[in-house]
Structures are given as C-alpha cells and as structure tokens.
There are 2 protein chains.
Amino acid sequence: MELSDRKKKILRAIVDQYIRTAEPVASKTIAQMPDMDFSSATIRNEMADLTSLGYLEQPHTSAGRVPSAAGYRLYVDELMQNYRLSVDETKSINQAMELKLQELDKVMSQVGKMVSKITNLPAYAIAARSGGLTVRRFDLILADKNSFILVVMLSDNSVKNKLIRLPVDVGDAELKLLAAALNAGVTDLTADRFTPELLARVQRSADGAAGLVPVIMDFVTGLLQDQQEEVFMTGQAKLLGHPEYHDLEKAQKVLSTLDEGVISGLPAALSSDSRTQILVGPENVSRELRDTSVVMTKFDIGDGMQGMIGVVGPTRMDYAQITARLSYFAENLGRMFQKNQTPALQGPGEHNDSPEDTDHE
Amino acid sequence: MELSDRKKKILRAIVDQYIRTAEPVASKTIAQMPDMDFSSATIRNEMADLTSLGYLEQPHTSAGRVPSAAGYRLYVDELMQNYRLSVDETKSINQAMELKLQELDKVMSQVGKMVSKITNLPAYAIAARSGGLTVRRFDLILADKNSFILVVMLSDNSVKNKLIRLPVDVGDAELKLLAAALNAGVTDLTADRFTPELLARVQRSADGAAGLVPVIMDFVTGLLQDQQEEVFMTGQAKLLGHPEYHDLEKAQKVLSTLDEGVISGLPAALSSDSRTQILVGPENVSRELRDTSVVMTKFDIGDGMQGMIGVVGPTRMDYAQITARLSYFAENLGRMFQKNQTPALQGPGEHNDSPEDTDHE
DNA sequence: TTTAGCACTCATTGCCCCCGAGTGCTAAAC
DNA sequence: GTTTAGCACTCGGGGGCAATGAGTGCTAAA
C-alpha cells in the first residue's frame, strides 16, 4: 500500500531531523517546521500510523520517534532530496584529489584516505579486475651465466617479471627458442585454458629448454589467477565521533569487522548495474553491521579494472550528502583514469614489483 | 640514588599486579603474595617512599597505587622478568606464520595482521630501505613498432619496468645502442650522482636515440629515490578491548593518530642498535599517545631492506610477554627472509607492477 | 625496624524523588 | 469526517543523600 503524500512528507521530515540531531523526533518539533500546516496532534496520529506500518520506532513510550530500517530504505529510495554540492565542497574535493599517482595499490590506498576525509567516515577502496587476463607476450633476458629475467606483458598492459636462477648455464640461443615457443603457444589464453596437453606441446617445441617451461608456467598461472583484491580500509577512528558508537561494545564489534575487511555486499555491488548502492542496516549480511549502513560507488579504471569506493557509517547518516560527495569523487576518479589510460598517471611512476628469485633445479 | 632491593621487589610486584588487573594496587594485596614476608603496613611505608620518588601514583587518597611512567620505565629496564613462551604459544605463532608470500607490500600487510592477532593489540609493519639503491643493469625490449619496454634491474635484485611509447618508430639497433650507453654510464650509481654532465655524456654516446635518455633517466631517478615506505596498520579495534580506552575521547584520539600512521619513535628506532625497543607513555612524541606505549622490533629482510614490526597498547601492557612474542616472531621472519634471500618466498609469486605507459614526444 | 590498630578519606553504589518531554486518547471544533 | 485542543499518563534522566568499604597515613607498641 502506497503511503499518502502527507505521511511521506512527515516521514521525510522526521528522517531529515533525526539525521541532523541523532535524537528521537517529537511531534511538536515536526509541527513547528515552516511548511507543516498541521498541529502536533495530527502529526502524532500520523506518526502512530507510520509506527504501526513499520517505518518508525519508539525507543520507549514517552520518547519521540526514530526511523526504522524500513523507514531509511523508503527515505533513500524515494524521499531523499538530491543534495547539491556547494562550490566549497567541490573545491575541497578537487583539492584533495591531487593524487601523487603511482602504483595502483598505492593509489587505492590514497583514494581510501581521501574518501574518509571527505566524508568524515571510515572508507574503503578496492580495485578489482573484471575480465579474464591473458599474456600478450613473453621476453627472456639473459642476466647472468646462470640466471635470466622473465618479462611478461599482460593484456591489461601491465608488465610483470621474475628473475629465474638456474642450476646450470644457459645460452642465448636456448632462451630465444624458449621465448618463441611460449609466444607461439601460450599467449592470449586465460589461465583456465592451460591444459596439460598445451603444456606438453609447448615443451616439445621448446626443445632444449623444455625443463624451464613448468617453472615459467607456474609463475604465469599465478599471475593470471591473481584475482584476490585487497581492501584498503582507513579512518576507522572516525566512527567513534558519531553518537551511535558511543556504546563501546557496539563500536568494538563494528570496528573489528571492518578491520577484517568484511563488507558483505561488496561482490554483489561490483556486478550490479547501478553505479551507487546503499545498504541500510540489516541489509548488511554481517550481523555486527546491523545498525550500520554502507554507501558505495563504482568507477572505471580502464585496462579491464573496476574501482570501488565506499563509506561505512551509522544508519543515521546523511545519505544525500554522502552519496553526492561519493559520486562526485568517483566520477572524477573515473575521468582521471580514463584520461591517463592507466593507473600510473604522472611520472615518475614507481614500480614496486617485488624481486623474485626462484631456484630452478 | 639506587633503590633498595626490597623497594624494587615491591615495585615489580605492583607493576605485575597492575598489568594483570588494571586496578590500583593495595598494600594488602601485595602483602598477601607468597614471598612477601612483610606486613601491609611495611609495604605501605615503602609504597609511600616509592610514590614520593615518582615511581608510583595515587589516583586519589583512599585508593591503591598505580605505576607512573617512570615506574614503567624502571620496570622495563631492570625489573621485568623474562617471559618464556609456552610451547602452545610458539606453536600458534609458527602456525600463524604460514605466509602466502607474494609481493613485499602484501607480505608486510599480512605480517601486520598476524602480529596484531598474536598480541591482541593494534600492530604496524613497515619495510624500509637501508642503503642507497642503484641500477644494476638496463634492458630495452622492442614491443611494437612504436613502443618498447624498459627493464631495470636494481641493486636489491628487484626488477622494475615501464612501457614507453614513442611518436616515431624505433629500430632494434638504436635500442641496442641506447642500452649499451646506459649500462656503461649509469649503472651502480645512486640517484644523487646523476649530474647533468653525466646525462650529457650518456646522451652523446647514445647517438641516434639520445632523445630517449631524459625520459628513461626521469623514470630511473624516481625509482631510486622512492624511499617513502608505507606503514601498514591493523587491528585498531583491539585497543577498545582494553579498559584504559573505555574513555571514548581518549580512544578516539589515539585511534586517529594511529590512523594517520604517526608513530613518532619510528625512524629513530630503525637506526638504533638494539633490536627491540620500548617507548613508554610520555616518551612518545605525539601528545595523543601520552598514556600509550609502543613496543617494536627490527629484523632483516635482505637486499638492503629492514623490516620493523610493532604494537601499540596501554602503558599497562604486559611488556614481558609482548616483547617475547614480538621478538620470536621477528626472529623467525628474519630467518625466513634470510633463507629465501628475497621477499617472495614461495611461488607463484605475484607481481603487482603497475602498468605504465608514457607517451614520449 | 616492623607491625598492629585505628581514625580518616573518598569513590562508588543504591535509592528515592522529582522533573519534564512526549505520548495517546478523548472530546470539542471545524 | 477530519483536525485540534486539552489532559492524564509514562518513563528516562538527573540531583541529592546516605551507606558502604576499600585503602591510606599515622601513632604507638613490640
């Protein structure tokens, strides 16, 4: 059943007020608002209705009303007014965005910090690959008598490498042959296409250097399957500033789940259509986040990667404002990544590729 | 003035007790301990002395005593009994150490998590370079008609790379020449040795490809100067479990400074001689950490890198136990890195080198 | 030098009562 | 029929107050 316009108006006023004050809202408070042309008694009646419909809750008999999860949901879906960013706000966001861009991981960790600062809430940032990764080409560079560098260029334009040590000497000719075999046999295939037969075929054509194929393939498979994205979390302390977390037990529970990086709706949100998503209270799967909401926004990184930023806060957060800030930020980030085609935006880029030796026997 | 043995014994007992209970310690409590052969009155007299000497404090007249910062300092330096790890503890630490080892950054973030788990306190982990980095060798790989991959092997055995795009075509011969010029002129030099004269010399010998030298040198300089190490912080929520942070304001202050990764003694600790260091309360420079202590331990990563793990907790933390656990952990980490000679310990290692394109015009 | 004893201090706890914000309901007004 | 004024009722929060008891400091005796 659809709510009457008056009920909606009152519900909206209550949620707005509660977001502002974090105190149960009284009928009188609402009645006194500029464009409320009803007495407090009328409001009371409506509030009683809204309560029995499940949109409001009453901490105790003689207290005002507080929005329920359902109330917030309705508010977020229908009632919320679009928040317009002020010039100052856009300015300060733009300012914050002066990223020293480097490696993607570092960028995301920075982005998290900025989001947290902008919203005054704990924030997280992740970068996730969306499609299957393949190898574009292999190169082998002789480094020493008994070691060489494997350089792999991937379909996302990233370049990975590994130093491989050998128990015996290798010649340039063998490496050339091996490289040719790899480039012919293994490029443009996702990791799930690496069958034993394929491997055997490549080994055959690699001839003298056949023994090296498994080592290389292990490494490459690892690279391509490396989907595990890291969640960058910052600003947890900001939660404590909000009155709903003045209860220590609650604060601790929420903070520890955040610490573990558990945001339940995350994978779903990545594959969802809508850019921005809001999870209100109990819609969060993790029990501990019952009275905590999550707002998240996606953006494109390019190279088959998607980024996602989000904040975590009390159900009573200013959804309109937070959403506006988050979207603006995400849009700009997207644009930035677009323009630069790649996560490393301004030089000199830094590559924190880990050195990796492997003794091959 | 040196304290009498009895005073020391009493002070130790008080600190031990306070660490256990977090409650002011009464003279009677001490008197009842097994090997205290004095009456509570005697203890009281001694406590009065210790108080006027500044080692103890009294929250209010009719309360027991609490160790002061000076008291803790003395305890840590002289009184603390060595804590012996139980078999169970070493077992569980060993178990926790089953690292999926990957890129150094990821390893450190994992290490932080483990330390936090082991100590039940917020923990941080960092990896810092100790010496000056140099380039060991350059390789240039033609990727396309108009792009090539620059591969740089550094003195710490790590290999970095960058995809460079050109506005014009390049030939294999030019690249060979360029590589030779770079290898001859720029290897084994720290970034501060890169003078304009050097650059000019290299450009001269690079001949046709001279235009590329500045781009490459910019990138390399960036690599070598990249000292900024990231501080990995985890487990902040664990602080709230300790009674001294039940005061929200305090908790928030401490947590936010942690959030910002501000641990004051850190650089000093890295260059200090002793492996393990303890900063008690006010010895922390950041104001907010006044009644918070930090225990940290260094270990060697190899390749000219040093690692450091530490925990942050109430001044009333079990220094003996924490120190023991931390050192044990650090030792094993060191051994692990030693054995593997490199941060990437077991395959398939993952290289999160950021893709980086640069248009060169 | 140690200890027993005692007076004194003071944070904590529980209790009671009051206050006032806010409601729900009823009856009158529109 | 809907709105509103009025009023009784509920209940959480805060202030005041006394009792409690843990702990000390000091004195005087062992």
Side-chain angles (χ1 to χ4, degrees), chain A residues 3-11 13-18 20-68 71 243-244 246-248, chain B residues 3-11 13-18 20-68 71 243-244 246-248:
Chain A
L3 292 181
S4 74
D5 280 356
R6 192 170 73 184
K7 281 200 174 56
K8 284 187 185 171
K9 186 173 174 185
I10 291 174
L11 179 55
I14 292 173
V15 178
D16 280 340
Q17 176 69 14
Y18 186 65
R20 233 167 299 143
T21 63
E23 302 270 297
V25 181
S27 54
K28 207 173 132 199
T29 320
I30 299 297
Q32 279 165 355
M33 291 181 167
D35 64 338
M36 282 290 169
D37 306 320
F38 322 100
S39 75
S40 67
T42 311
I43 309 275
R44 270 204 293 286
N45 284 328
E46 295 287 44
M47 280 164 89
D49 283 1
L50 285 167
T51 305
S52 63
L53 288 170
Y55 293 112
L56 294 177
E57 277 165 2
Q58 208 168 10
H60 56 86
T61 344
S62 68
R65 298 304 208 289
V66 161
S68 70
E244 19 276 293
H246 284 6
D247 171 16
L248 264 168
Chain B
L3 291 182
S4 73
D5 281 355
R6 192 169 74 184
K7 281 202 174 55
K8 283 188 184 171
K9 186 174 175 185
I10 291 174
L11 179 55
I14 292 174
V15 178
D16 280 339
Q17 176 70 13
Y18 186 66
R20 235 168 295 143
T21 63
E23 301 270 295
V25 181
S27 55
K28 208 172 130 198
T29 320
I30 299 296
Q32 278 165 354
M33 291 183 166
D35 64 337
M36 281 292 169
D37 307 322
F38 323 100
S39 74
S40 66
T42 310
I43 309 275
R44 270 203 295 285
N45 284 327
E46 295 287 45
M47 281 163 88
D49 283 1
L50 286 167
T51 306
S52 63
L53 287 171
Y55 294 113
L56 293 178
E57 277 164 5
Q58 207 168 7
H60 56 88
T61 344
S62 69
R65 298 304 208 289
V66 161
S68 70
E244 19 274 293
H246 284 6
D247 172 15
L248 265 167

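In what follows, chains are A, B, ... by sequence order, proteins preceding strands, each numbered from 1. Scope of the values below: all heavy atoms of this structure, side chains included, with no hydrogens, waters or symmetry mates.
Residue A/R65 has a polar side-chain atom (N or O) positioned under 4.0 Å from OP1 or OP2 of C/dG24. For D/dT10, neither phosphate oxygen OP1 nor OP2 lies less than 4.0 angstrom from any side-chain nitrogen or oxygen of A/S62. Residue B/R6 has no polar side-chain atom (N or O) positioned under 4.0 Å from OP1 or OP2 of C/dT1. A close approach under 4.0 Å does not occur between any side-chain nitrogen or oxygen of A/T42 and OP1 or OP2 of D/dT3.
C/dC30 atom P lies 18 Å from atom CG of A/D37, rounded to whole Å. The interatomic distance linking A/I43 (CD1) with C/dG24 (C1') rounds to 15 Å, in whole Å. As a whole-Å value, the separation of B/I30 CD1 from D/dT24 C1' is 15 Å. Atom NZ of A/K28 and atom C1' of D/dC7 are 15 Å apart (whole Å). Rounded to whole Å, the distance from CG on B/D49 to C1' on D/dT24 is 14 Å. When rounded to the nearest whole Å, the span between CZ of A/F38 and P of C/dC30 equals 19 Å. Atom CG of B/L56 is separated from atom C1' of D/dT24 by 14 Å (rounded to the nearest Å). Distance, A/M47 CE to C/dG22 P: 10 Å, rounded to whole Å.
Each of A/A48 and B/H60 has a nearest nucleotide on DNA chain C; the 5'-most of these lies closest to B/H60.
Put simply, CG on B/D37 and OG1 on B/T42 are 10.5 Å apart, with the number rounded to the nearest 0.5 Å. One finds the CZ atom of A/R44 at 12.5 Å from the OG1 atom of A/T51 (value rounded to the nearest 0.5 Å). If you take CZ on B/R6 and CZ on B/F38, they are separated by 5.0 Å, rounding to the nearest 0.5 Å. To the nearest 0.5 angstrom, A/L50 atom CG is 12.5 Å from A/E57 atom CD.
The side chain of A/Q58 lies closest to C/dG24, out of C/dG24, C/dA4, D/dG25. Ranking C/dA4, D/dT4, C/dT23 by closeness to the B/A41 side chain, first place goes to C/dA4. Minimum atom distance to the side chain of B/R44 is reached by D/dG25, of the listed D/dT4, D/dG25, C/dT23. With distances taken from any side-chain atom of A/N45 to the nucleotides C/dA4, C/dT23, D/dT4, the minimum falls on D/dT4.
In this model, no side-chain donor or acceptor of B/T61 finds a partner on the base of C/dT9 within 3.5 Å.
Fit an axis to the five pairs at each end of the helix from C/dT1-D/dA30 to C/dC30-D/dG1 and the two axes sit 20° apart, to the nearest 10 degrees.
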* To do: Tell me, with the steps shown, if B/T21 and B/T29 meet side-chain contact (heavy atoms from CB on, under 4.5 Å).
  => CA-CA 12 Å; B/T21 63; B/T29 320; over 6 Å; no
* To do: Take A/I14 and A/Y55, measure what side-chain contact (heavy atoms from CB on, under 4.5 Å) needs, and give me the verdict at the end.
  => CA-CA 11 Å; A/I14 292 173; A/Y55 293 112; over 6 Å; no
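Within a 6.0 Å sphere centred on NZ of A/K28, heavy atoms belonging to other residues, nucleotides or ligands number 12 at most.
Residue contacts shown for A/S40 are absent, as no nucleic acid heavy atom lies under 4.0 Å away.
Results of the side-chain contact (heavy atoms from CB on, under 4.5 Å) test with A/L56 over A/V15, A/L11, A/V66 single out A/L11 as the only residue that passes.
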